[in-house]
K.L.:
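Next up is a structure, given as structure tokens.
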Amino acid sequence: MKASAFIIASAAIVLLLGLMHLLYTFRGPNLHPRDPALTAEMMKVSPVITGETTMWRVWIGLNATLGLGLILFSGVFGYLAICHREFLFRSWFLLALGFALLLGYGAVAKLYFFSSPFRGIVLAAILYLVGIVISFA
């Protein structure tokens, strides 16, 4: 049960980050450029790959999918830790997949985001890893 608590805490942190990211994507100016002219330009210019969308719509879509991915991680691993502990902790594949995903989010956060999301993901990864270690102790 202790190992599950760490995975659940990790999932809760990631859920919070995902929900905040979705909120900031669709409400308020937090993820908007500081320069209104840049926002206006993003709403007009298409990416090289296609003229079917604008950079602004791509920006919103990528931010939304990031938030949804974080929520998906939380839902899957939180559910498994609560309802199917034995299954989760017997599956090296699932444990490694979850940890690899957190490491990937951590790397992206370090390279492209700012300190708060990076720290949140690092904390979630540490809690997740502690859960794995405790389960095999």
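If you're wondering where the values come from, they're calculated on a predicted model, not measured in any experiment.
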K.L.:
Please report the interatomic distance NZ(Lys2) to CD1(Ile134), rounded to the nearest 0.5 Å.
P.N.:
7.5 Å

K.L.:
Looking at Ser74 and Ala11, what are the two nearest heavy atoms and their distance?
P.N.:
OG-O, 2.8 Å

K.L.:
Taking the side chain as everything from C-beta on, heavy atoms only, tell me whether Ile60 gets closer than 4.5 Å to Thr53.
P.N.:
no

K.L.:
Working to the nearest 0.5 Å, report the span between CD1 of Ile121 and CG of Leu17.
P.N.:
5.0 Å

K.L.:
May I ask you to decide if His32's main-chain N or O and Tyr24's side chain share a donor-acceptor pair within less than 3.5 Å?
P.N.:
no

K.L.:
Is the number of heavy atoms from other residues, nucleotides or ligands under 6.0 Å of Phe87 CZ greater than 12?
P.N.:
no

K.L.:
Specify the closest pair of heavy atoms between Ser10 and Ala124, including all atoms of both residues, with the distance to one decimal.
P.N.:
OG-O, 2.8 Å

K.L.:
Can you find a heavy atom in the side chain of Leu101 that is under 4.5 Å from one in the side chain of Leu97?
P.N.:
no

K.L.:
If hydrophobic clusters are built from ILVMFWY residues whose side chains come within less than 4.5 Å, do Ile8 and Leu94 share one?
P.N.:
no

K.L.:
Consider only side-chain heavy atoms of I, L, V, M, F, W and Y, link residues closer than 4.5 Å, and tell whether Phe93 and Leu129 are in one cluster.
P.N.:
yes

K.L.:
Return yes when atom CH2 of Trp59 has more than 12 non-hydrogen atoms of other residues, nucleotides or ligands closer than 6.0 Å, and no otherwise.
P.N.:
no

K.L.:
Could you check whether any side-chain heavy atom of Tyr105 comes within less than 4.5 Å of a side-chain heavy atom of Leu66, counting everything from C-beta outward?
P.N.:
yes

K.L.:
So how far is it from Ser4 OG to Glu86 CD, rounded to the nearest 0.5 Å?
P.N.:
9.5 Å

K.L.:
Working to the nearest 0.5 Å, report the span between CE of Met20 and OG of Ser116.
P.N.:
8.0 Å

K.L.:
Using side-chain heavy atoms (C-beta onward) and a distance below 4.5 Å, is Leu15 in contact with Leu70?
P.N.:
no

K.L.:
I want to check something: taking the side chain as every heavy atom from C-beta on, are Phe77 and Leu88 in contact at a cut-off of under 4.5 Å?
P.N.:
yes

K.L.:
Can you confirm whether Leu95 sits close enough to Tyr128 that some side-chain heavy atom of one is under 4.5 Å from a side-chain heavy atom of the other?
P.N.:
yes

K.L.:
What distance do Phe26 atom CZ and His21 atom NE2 have between them, rounded to the nearest 0.5 Å?
P.N.:
9.5 Å

K.L.:
With hydrophobic residues grouped by side-chain heavy-atom distances under 4.5 Å, do Leu127 and Phe99 end up in a single group?
P.N.:
yes

K.L.:
Atom CD1 of residue position Ile49 - does it have more than 12 heavy atoms of other residues, nucleotides or ligands inside 6.0 Å?
P.N.:
no

K.L.:
Which heavy atom in Arg57 sits nearest to a heavy atom in Glu52, and how many Å separate them?
P.N.:
NH1-O, 4.2 Å

K.L.:
Does Phe73 reach the side chain of Leu102, with side-chain heavy atoms less than 4.5 Å apart?
P.N.:
yes

K.L.:
First locate atom CG of Leu123, then atom CD1 of Ile13, and finally report the distance between them rounded to the nearest 0.5 Å.
P.N.:
3.5 Å

K.L.:
If we only count heavy atoms from C-beta on, is the Pro47 to Thr50 side-chain gap below 4.5 Å?
P.N.:
yes

K.L.:
Could you state whether Ile126 and Phe113 fall into the same hydrophobic cluster, counting links through intermediate Ile, Leu, Val, Met, Phe, Trp or Tyr residues with side-chain heavy atoms under 4.5 angstrom apart?
P.N.:
yes

K.L.:
Out of curiosity, does Leu22 fall in the hydrophobic cluster containing Val14 (side-chain heavy atoms, cut-off under 4.5 Å, transitive links)?
P.N.:
no

